[in-house]
There are 2 protein chains.
Amino acid sequence: MRQLLERIDREILTGGGKRSRSRAAVIERFFLERHHVTIEELTRSVRESAPRVGAVTVYRTLKLLERLGYAKELDFGEGAKRYESNLASHHDHLVCRKCGTVIEFENRDIEKLQERVTRRHGFQPTSHRLEIYGFCRKCAPGKAAEEVRCPR
Amino acid sequence: MRQLLERIDREILTGGGKRSRSRAAVIERFFLERHHVTIEELTRSVRESAPRVGAVTVYRTLKLLERLGYAKELDFGEGAKRYESNLASHHDHLVCRKCGTVIEFENRDIEKLQERVTRRHGFQPTSHRLEIYGFCRKCAPGKAAEEVRCPR
DNA sequence: ATGATGATGAAATTCAATTTCATAATATTC
DNA sequence: GAATATTATGAAATTGAATTTCATCATCAT
Ligand SMILES: [Mn+2]
Ligand SMILES: [Mn+2]
Ligand SMILES: [Zn+2]
Ligand SMILES: [Zn+2]
């Protein structure tokens with residue numbers, strides 16, 4: 001952890017940036033988070049230990065971490081984006097539409113097939129997103145309130 | 001086409017709705033679109049034949065078509081959402097980060113593997129989204145302006 | 001035609017995200 | 001250890017897509 005923070009600090013320095021307490025607070029909290037967090041959630045968390053940090057700094061710091069390759073931006077269609085550490089290996093997500101639980105999975109076969117698809121189209125892939133929406137074990141009762149068709 | 005429009009009209013009627021000229025104009029234009037359109041693009045298109053139609057009606061009509069199962073909402077992270085007809089069979093997308101070209105593909109093997117993944121997690125899937133971002137054949141020169149690391 | 005209810009669209013509102021800008025913090029130079 | 005230069009901060013303002021409001025219009029049933 002210490003190692004990581006120092007390494008990021010060094011990268012920022014190298015890039016012409018300066019150290020900052022607020023940013024350090026955001027970065028530390030971010031990597032302590034267990035789940036995929038929104039800016040709002042992370043801001044609340046940061047303020048427990050550094051109450052004066054503004055949400056704008058959280059926005060800026062996460063964009064920075066993303067540019068440096070340490071964070072990943074996610075969008076589960078909730079309105080606000082979520083972020084996760086990009087230190088672990090690549091994975092995709094199962095998102096429960098009822099309770100919001102997110103299950104992570106990794107499937108090399110799917111990734112292989114994706115590569116084949118892109119090759120077939122002369123497409124040079126740089127990233128992808130695969131999200132499967134539905135109901136998790138807890139939230140999948142016999143019949144969920146599925147398709148209610150109504151014009152309004 | 002005529003068939004489709006009448007069928008949708010009937011469904012709306014059944015659901016307690018009424019016919020409307022503005023909405024009909026939006027629906028007709030929508031199904032004539034070849035590409036994935038934003039609300040703004042579709043509104044411009046609609047106004048060529050029905051100049052008084054407001055953007056709000058386009059928003060509302062697309063939400064309606066989505067609820068009825070005739071349209072699909074897409075989000076390629078551009079800020080504005082895109083919509084496509086849901087009449088054709090399911091497919092996923094390759095999105096060029098440079099020129100914006102969208103290539104559609106269909107891969108039964110990937111879908112099968114997805115089902116296996118969800119089953120393994122006791123997850124009941126209702127939909128998914130798979131998008132692969134990168135550079136299309138035209139836009140993939142030896143080295144694209146890939147990773148420029150800079151703290152700001 | 002009349003009345004009831006749905007649909008419309010301009011304007012107002014919402015809300016995440018970004019920009020602005022005066023001030024504060026940090027690095028560099030002497 | 002100042003003085004100076006440059007970056008970072010955060011409150012407030014701004015943006016922009018999407019939604020809501022509401023007075024008015026259109027459509028349907030009687
Ligand atoms: Mn994850
Ligand atoms: Mn498509
Ligand atoms: Zn759930
Ligand atoms: Zn391209």
Side-chain angles (χ1 to χ4, degrees), chain A residues 6 8-29 36-44 46-47 49-68 71 73-83 150-152, chain B residues 5-6 8-29 36-44 46-47 49-68 71 73-83 149-152:
Chain A
E6 282 171 13
I8 295 176
D9 248 9
R10 243 177 291 125
E11 276 187 55
I12 291 173
L13 261 288
T14 302
K18 294 179 179 175
R19 256 178 273 266
S20 125
R21 308 204 160 285
S22 296
R23 191 164 53 195
V26 175
I27 295 177
E28 175 153 21
R29 279 282 174 169
H36 313 80
V37 286
T38 61
I39 296 288
E40 200 248 332
E41 287 167 356
L42 184 56
T43 302
R44 260 206 307 277
V46 168
R47 284 179 172 160
S49 58
R52 325 190 59 88
V53 173
V56 193
T57 294
V58 182
Y59 273 103
R60 283 192 282 231
T61 301
L62 286 189
K63 287 287 182 209
L64 169 60
L65 287 178
E66 197 192 4
R67 251 178 284 131
L68 295 179
E73 194 180 76
L74 304 173
D75 185 348
F76 297 150
E78 302 167 296
K81 286 173 180 142
R82 290 186 177 272
Y83 294 83
C150 152
R152 280 168 299 293
Chain B
L5 301 182
E6 282 172 12
I8 294 177
D9 248 10
R10 241 177 293 126
E11 276 189 56
I12 292 173
L13 262 287
T14 301
K18 293 178 179 175
R19 257 177 273 265
S20 125
R21 307 205 161 284
S22 297
R23 190 165 54 195
V26 176
I27 296 176
E28 177 154 20
R29 280 281 174 171
H36 313 78
V37 286
T38 61
I39 295 289
E40 201 248 333
E41 287 167 356
L42 185 55
T43 301
R44 262 207 305 278
V46 167
R47 284 178 172 161
S49 57
R52 325 190 58 90
V53 173
V56 193
T57 295
V58 183
Y59 274 104
R60 283 192 280 231
T61 301
L62 286 189
K63 287 288 182 208
L64 169 60
L65 288 178
E66 198 192 4
R67 251 178 284 130
L68 295 178
E73 195 180 76
L74 305 173
D75 185 350
F76 297 149
E78 302 166 296
K81 286 172 180 144
R82 289 186 178 274
Y83 294 84
R149 294 197 173 185
C150 153
R152 279 167 302 293

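When reading the values below, keep in mind they use all heavy atoms of this one structure, side chains included, and skip hydrogens, waters and symmetry mates. Numbers restart at 1 for each chain; the letters A, B, ... are given by sequence-line order, proteins then strands.
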Q: Restricting to non-hydrogen atoms, name the atom on B:E66 and the atom on B:E73 that form the minimum distance, rounded to 0.1 Å.
A: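 Heavy atoms only, the tightest pair is OE2-CB, 3.5 Å.
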Q: In this structure, how many angstroms lie between the C1' atom of C:dA16 and the CG atom of A:D75, rounded?
A: 11 Å
Q: For A:E40 and C:dT14, what is the distance between atoms CD and P respectively, to the nearest whole Å?
A: 17 Å
Q: Taking protein heavy atoms under 4.0 Å as touching, what does nucleotides 17-30 of chain D look like 5' to 3' if B marks base contact, S marks sugar-phosphate-only contact and - marks none?
A: SBBBB-----BS--
Q: Taking C-beta and beyond as the side chain, do B:K81 and B:Y59 meet within less than 4.5 Å on heavy atoms?
A: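 When only atoms from C-beta onward are counted, B:Y59 and B:K81 do not touch, as no gap falls below 4.5 Å.
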Q: Please give, in whole Å, the distance from C:dG9 C1' to B:R47 CZ?
A: 9 Å
Q: Measure the angle between the two terminal helix axes of the helix from C:dA1-D:dT30 to C:dC30-D:dG1, five base pairs each, and quote it to 10°.
A: 20°
Q: What is the distance from atom CZ of B:R21 to atom OG1 of B:T57, rounded to the nearest 0.5 Å?
A: 14.5 Å
Q: Testing the basics here: between A:L68 and A:E11, what is the closest heavy-atom pair and its distance to 0.1 Å?
A: CD2-OE1, 3.8 Å
Q: Grab the CG-P distance between A:L62 and D:dT9 for me, whole Å please.
A: 12 Å
Q: Of the non-hydrogen atoms in B:T38 and B:A80, which two are nearest, and what is the gap between them?
A: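 The answer is CG2-CB, 4.3 Å.
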Q: What heavy-atom pair brings B:R47 and B:G54 nearest, and what distance separates the two atoms?
A: NH2-CA, 3.6 Å
Q: Can you tell me the distance, in whole Å, between the CZ atom of B:R23 and the C1' atom of C:dG9?
A: 14 Å
Q: Look at the side chain of B:R19 and the backbone N and O of B:L13, then say whether any donor-acceptor pair between them is shorter than 3.5 Å.
A: no
Q: In whole Å, I'd like the distance from the CZ atom of A:R82 to the C1' atom of C:dA16.
A: 13 Å
Q: Going through the checks in order, is the side chain to side chain contact (heavy atoms under 4.5 Å, CB included) test met by B:T43 and B:V53?
A: CA-CA 8 Å; B:T43 301; B:V53 173; over 6 Å; no
